[in-house]
Amino acid sequence: MLKIELISMFKSSKDIIDFLQRKGVVEITAHEELENMTHLDTEMNISQLEKMRIKAQKARETVGFYAPQKSSIIDSFRPAGEISLKEYLEKESICDKTFSICNIISEADKKITDSKAEIIRLETSSSSMSIWENLDVPMKVKPTKYTTLLIGSFPNLQSESSVKEKLAETAPNIEAYDAEIIYSSEMLTCIAVLCLKTQKQEMLDALRSFGFSAPSEQFDITAKEAIKKNSERIEKLKKDIESYEEEIKKYSENAKDIDFFIDYLSMKIDKYEALKKLSMTNNIFYLSGYVPQKHSEKIAKILEEEYSAAVSLSPPDENEDVPVLLENNSFASPVEGITEMYSLPGKNDIDPNAIMGFFYYVFFGMMFSDAGYGLLMVIATLLVLIKAKPEGEKRKTVLMYLYCGISTTFWGIMFGSFFGDVINIIRVNYLHLPEMRLYVWLNPQGDDLMTTMLFCFLFGIIHLFVGLAIKGYMNWRQGDKFGAFADTIPTYMAVGGAAPICAGMIIEIPESITSVAKYIALAGVILIILTAGRSSKSIIGKLGGGLYALYNTVSGYLSDILSYSRLLALGLVTGIIGSVVNMMGTLPQNMVVKTILFVIVFIFGHTVNFGINIIGAYVHTNRLQYVEFFSRFYEGGGNAFNPLKVNSKTFKFKEEKNNG
């Protein structure tokens, strides 16, 4: 990575930034404001563009909802189409029209939302009025010269006789009135009471004394007429919604233009973010950043020749926080995302992906360890690679699962699992043949359980030792040659010597090997005690540091090595569940029923088993890298290289090369 500095005429700033964005290989960094130069404030521009992008994204979602476009899973992996700069400028020229379309779509969607809300309100209103349908006068009926009509409800079951009895008790002076029950249920009674105007308040007080209340919603027309009016309004709103939906569907042919517009706005936002980092006067501007060494000469040449810029390329200072760009071959690059989730390499780290990739694929395969599942992964990923030809991060992801699928197939063959034990199930139940040996190497589900576990521990020791070797190499590279020896060789001797002794508790180990191992382990222990406390000045401090390091080595490596038992555990789970699924499908005696049940159980059971255990294999493989492997040598803390580039899902420039 090289540091790039550039000075050019201010009038060329837009063209230069556009060029750098199309190339996507220069990260523009902020710097202190230079003398007599100022930074450009683009916050308002960014805010306006962000609002436009949000509206465009909402419009695109709306079009996708009402006029979904058919696409397959494979289509989601296809790379963005290439366009020339001329084609880009042509599409840019219609962006104003596209934004107008987004506004129309958004307005239509708002009207649909408002109409649906109004329908709900009207339906609720009609529902509340339905109990008054038998009332043949308006709820807001005007009083006559001598009488008035009181309309309301009780929160319980009432009858005309019960109401009149209670009125007789609470208002014995009122005699000239009539009451009619409009609706009644266990929890509600609607009533209309006709009384003299002069006795209205006395009647209201009497009715309220046993729960009477007026309705919250009243109309100048009858309830039946109001319900009918609401129904007519609802029908009109539904037709309006249909017309708005058709209007939105009409713009489905503009979906690609909206996609381009969204990406165009994203590019503009990124560009204005970059402009904030420039220093400028009325005549010139200055930028600084980082560029990968392999692109530096070409970029500098174009900037100098075509844009008349003064360009300086130089190695960054040791104290600079230089961004990290991982570059690996097609075998290691797929696991770069796994490393990035943990942390990018720091200044003193090496890129661990080439070494980690091998262990990642091996451990994933051991944990999944079913040849049938592995073949499905291989077939699916190859299909995507051939049909979709993905690029960048998508290609890396597909390749990672391809390699994991190959490893899963290999270990499934080694351990004898192909969709569980489906081969023997078919042989015994349908071909009436005896069971055959399915495994090539070990049978973890049978007599080789403990042997398999020991091999898992062995692979774990190798994994840990490789991490320790990288630590020794890094110490050696930094000039600490004695530290490279003292931090690796004694541990190799102590742990490596103890390994066959511990294994002898489970399987038979030749005495000649265990005898030699004892002395190697003892020598390693002594070396740890003598060298691990070397940073202390006093003899007691050195001895105490050595003993403490010995304790950490013993306890740490013991727990770390035991954690590799998950290789066996997850592999067993995959195989055993697969076998149980097969067994469940063959329980019936009738061959027709058995076959039908077997097919159903096989498809459903293995789909679930595949889904659950591929997640488990992914998670626990990551854990072995993060906790066991990286802890030996990896510090991390690097910042990702983040160049100004075209962040587009729908297009890329023809002259642009994929940097993923």
E327 with K294: basic N within carboxylate O range, under 4.0 Å: yes
N/O donor-acceptor pair under 3.5 Å between S515 side chain and E511 backbone: yes
Heavy-atom side-chain contact between S563 and L624 under 4.5 Å: yes
Plane angle bin for W411 and W441 - parallel if under 30°, tilted between 30 and 60°, otherwise perpendicular: tilted
Euclidean distance, M453 CE relative to M450 CE, rounded to 0.5 Å: 3.0 Å
OH/Y519: more than 12 non-hydrogen atoms of other groups inside 6.0 Å: no
N609-Y373 side chain donor-acceptor pair, cut-off 3.5 Å: yes
Donor-acceptor contact below 3.5 Å, side chain S555 vs main chain Y551: yes
H463 ring center near F363 ring center (under 6.0 Å): yes
Whether over 12 other heavy atoms sit under 6.0 Å from I73 CD1: no
Donor-acceptor pair, side chain of D448 and main chain of P444, under 3.5 angstrom: no
Any side-chain donor near an acceptor of the partner, N353 and Y360, under 3.5 Å: no
Donor-acceptor pair, side chain of S369 and main chain of M366, under 3.5 angstrom: yes
Distance-only polar pair, side chains of N319 and D317, donor-acceptor under 3.5 Å: no
Residues, nucleotides or ligands: over 12 heavy atoms within 6.0 Å of Q293 CD: no
Atom OH of Y626: over 12 foreign heavy atoms under 6.0 Å: yes
Derivation and outcome, ring pair (Phe, Tyr, Trp, His ring centres under 6.0 Å), residues Y361 and Y403: CA-CA 6 Å; Y361 303 138; Y403 297 142; 5.2 Å; yes
Pair K3-L313, side chain to side chain contact (heavy atoms under 4.5 Å, CB included): steps then yes or no: CA-CA 6 Å; K3 185 172 183 179; L313 298 172; over 6 Å; no
Passing option when F368 is tested against F415, F610, F410 for ring-ring contact (aromatic ring centres under 6.0 Å, His included): F610
Nearest heavy atoms of V384 and P390, plus distance in Å: O-CD, 3.6 Å
Backbone of A332 reached by a side-chain donor or acceptor of N329 within 3.5 Å: yes
F459 and Y564 aromatic centres sub-6.0 Å: no
Minimum heavy-atom distance between K645 and D270, given as atom pair plus value: O-OD2, 4.2 Å
Donor-acceptor contact below 3.5 Å, side chain D41 vs main chain E43: yes
Residue pair V646, K652: steps toward the side chain to side chain contact (heavy atoms under 4.5 Å, CB included) verdict: CA-CA 7 Å; V646 178; K652 63 179 180 179; 5.9 Å; no
Those residues that, when tested against E5, pass side-chain hydrogen bond (donor to acceptor under 3.5 Å, both in side chains) (two or more places apart): Y286
Short side-chain to backbone donor-acceptor contact, S648 and T650, under 3.5 Å: yes
Atom NZ of K347 with >12 non-hydrogen neighbours under 6.0 angstrom: yes
Intermediate values then yes/no, ring pair (Phe, Tyr, Trp, His ring centres under 6.0 Å), F364 and Y618: CA-CA 7 Å; F364 187 100; Y618 173 79; 7.5 Å; no
Derivation and outcome, side chain to side chain contact (heavy atoms under 4.5 Å, CB included), residues F19 and I302: CA-CA 10 Å; F19 165 74; I302 295 174; 3.5 Å; yes
R395 (side chain) donor-acceptor with G392 (main chain) under 3.5 angstrom: no
For the student: nearest non-hydrogen atoms of S343 and G638, plus distance: OG-N, 4.2 Å
Evaluation steps, side chain to side chain contact (heavy atoms under 4.5 Å, CB included), between L385 and K389: CA-CA 5 Å; L385 288 171; K389 295 179 174 58; over 6 Å; no
CG-CG distance between L287 and L303, expressed to the nearest 0.5 angstrom: 8.5 Å
Side-chain donor or acceptor of T29 paired with backbone N/O of S288 under 3.5 Å: yes
Side-chain donor or acceptor of Y473 paired with backbone N/O of A484 under 3.5 Å: no
Shortest non-hydrogen separation from I501 to K518 and the atoms involved: CD1-CG, 3.6 Å
Heavy-atom side-chain proximity of V466 to F359 below 4.5 angstrom: yes
Intermediate values then yes/no, salt bridge (Lys or Arg N to Asp or Glu O under 4.0 Å), R534 and D487: CA-CA 11 Å; R534 60 186 180 276; D487 291 341; 3.2 Å; yes
Residue pair D18, K14: steps toward the salt bridge (Lys or Arg N to Asp or Glu O under 4.0 Å) verdict: CA-CA 6 Å; D18 286 343; K14 179 182 181 301; 3.0 Å; yes
Aromatic contact, Y290 with F641 (centres under 6.0 Å): no
Considering all heavy atoms, the nearest K276-H39 contact: O-ND1, 3.8 Å
Distance-only donor-acceptor check, side chains D370 and S417, under 3.5 Å: yes
Face-on cation placement of R623 at Y342 ring, 6.0 Å and 45° thresholds: no
